[in-house]
Engineer: 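Structure incoming, see below.
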Amino acid sequence: MAYVGDVFDAAMGIMDELDAEGGAQTADTAEYMLRAPAIVNTLISELKILTGDYGDWLPVESLDDLVPAGDTSYALGALPYGLAANLLVDENPSAASFYQQRYEELRAYYLARLRAHMGAIENLYGGIEYGEFGEW
């Protein structure tokens, strides 16, 4: 599993907001750090809805919390683009649009590779499974 701070660091890297030493959590990114947990909660909620997982989960509150859904590849591959898109939507709409498009593409790849759920199919019609009531 990855931490929200790892997602934040990756997002700052693709947004070109790292300092000279490669650090992402600086005074220049303080506003982004405050907004990141709420945005990650929204993206995780979206993922859980799309995967059909309607169970309760605890939202993240800080950069030190674990990402509660998806695997590490999703957390470090797709989530940084979604976070970057939402952080830049007011400042740089064209970059935000690119990041959003990339996020949706990576999310679609992730969802396409999930295993399907299998289960019995209930026959709601009863009595017609052998053609008993059909005339040909």
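These numbers come from the heavy atoms of this one structure, side chains and all, not from hydrogens, waters or symmetry mates.
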Engineer: Working to the nearest 0.5 angstrom, can you tell me the gap between E31 CD and M33 CE?
Structural biologist: 10.5 Å
Engineer: Within a strict 4.5 Å, meaning less than it, do heavy atoms of the T26 and T29 side chains meet?
Structural biologist: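 Counting from C-beta outward, T26 and T29 do come under 4.5 Å.
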Engineer: For T72, enumerate each residue passing the side-chain contact (heavy atoms from CB on, under 4.5 Å) test, keeping only those at least two apart in sequence or located in another chain.
Structural biologist: A2, L76
Engineer: Closer than 3.5 angstrom, by distance alone: can the side chain of Y99 be matched with the main-chain N or O of I14 as a donor-acceptor pair?
Structural biologist: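 Yes.
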Engineer: Can you name the nearest heavy-atom pair linking G77 to L106, along with the distance?
Structural biologist: O-CD1, 3.1 Å
Engineer: If you define the side chain from C-beta out and look only at heavy atoms, does anything of D19 sit under 4.5 Å from D28?
Structural biologist: no
Engineer: Answer whether the closest heavy-atom distance between the side chains of L43 and Y103 falls below 4.5 Å.
Structural biologist: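 Counting from C-beta outward, L43 and Y103 do come under 4.5 Å.
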Engineer: Got a sec, which residues hit salt bridge (charged side-chain N to carboxylate O under 4.0 Å, His left out) with E46, two or more places apart in sequence or on another chain?
Structural biologist: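 Partners of E46 by the salt bridge (charged side-chain N to carboxylate O under 4.0 Å, His left out) criterion, ordered by chain and then number, come out as R107.
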Engineer: Could you please spell out the steps behind the side chain to side chain contact (heavy atoms under 4.5 Å, CB included) verdict for V60 and V67?
Structural biologist: CA-CA 7 Å; V60 299; V67 175; 6.0 Å; no
Engineer: Closest approach of L63 and A36, non-hydrogen atoms and distance?
Structural biologist: CD2-CB, 4.1 Å
Engineer: Quick one: salt bridge (charged side-chain N to carboxylate O under 4.0 Å, His left out) partners of E21, sequence neighbours excluded?
Structural biologist: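 Testing E21 for salt bridge (charged side-chain N to carboxylate O under 4.0 Å, His left out), a comparison that skips the adjacent residues, returns none.
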Engineer: Who are the side-chain contact (heavy atoms from CB on, under 4.5 Å) partners of L114, not counting sequence neighbours?
Structural biologist: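 So L114 forms a side-chain contact (heavy atoms from CB on, under 4.5 Å) with T51, Y110, L111.
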Engineer: List the residues meeting side chain to side chain donor-acceptor pair (under 3.5 Å) with N92, not counting sequence neighbours, and say none if there are none.
Structural biologist: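 Scan of N92 (side chain to side chain donor-acceptor pair (under 3.5 Å), adjacent residues dropped) gives S94.
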Engineer: Sequence neighbours left out, what pairs pass side chain to side chain donor-acceptor pair (under 3.5 Å) with at least one residue falling in residues 55-67?
Structural biologist: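 For residues 55-67: none.
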Engineer: Linking I/L/V/M/F/W/Y whenever their side-chain heavy atoms sit closer than 4.5 Å, directly or via other members, would L79 and Y109 fall into one cluster?
Structural biologist: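 The answer is yes; both residues are in one hydrophobic cluster.
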Engineer: List the atom pairs, with distances to 0.1 Å, where a side-chain N or O of residues 6-13 and a protein N or O form a donor-acceptor pair under 3.5 Å, not counting sequence neighbours.
Structural biologist:
residue : atom : partner : partner atom : Å
D6      : OD2  : Y3      : N            : 3.2
D9      : OD1  : Q25     : NE2          : 3.4

Engineer: Could you name each residue pair satisfying ring-ring contact (aromatic ring centres under 6.0 Å, His included) that touches residues 18-50, not counting sequence neighbours?
Structural biologist: none
Engineer: Under the side chain to side chain donor-acceptor pair (under 3.5 Å) test, which residues partner E17, sequence neighbours left out?
Structural biologist: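 Applying side chain to side chain donor-acceptor pair (under 3.5 Å) to E17 gives none.
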Engineer: Indicate yes or no for a side-chain donor-acceptor contact from N41 to the backbone of P59 under 3.5 Å, with no hydrogens or angles considered.
Structural biologist: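 Checking the backbone N and O of P59 against the side chain of N41, no donor-acceptor pair under 3.5 Å is found.
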Engineer: If you link ILVMFWY side chains whenever their heavy atoms are less than 4.5 Å apart, which other residues fall into the same cluster as I49? By chain and number, please.
Structural biologist: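 Reading the cluster by chain and number, I49 sits alone, since nothing else belongs.
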Engineer: Can you name the salt bridge (charged side-chain N to carboxylate O under 4.0 Å, His left out) partners of D16, sequence neighbours left out?
Structural biologist: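 D16: no salt bridge (charged side-chain N to carboxylate O under 4.0 Å, His left out) contacts found.
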Engineer: When Ile, Leu, Val, Met, Phe, Trp and Tyr are grouped by side-chain heavy atoms lying under 4.5 Å apart, directly or through other members, which residues fall in the same group as L58?
Structural biologist: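 Same cluster as L58: nobody, lone residue.
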Engineer: Strictly by modelled atom types, are Q101 and E105 linked by a side-chain donor-acceptor pair under 3.5 Å?
Structural biologist: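 E105 and Q101 do not have a side-chain donor-acceptor pair below 3.5 Å.
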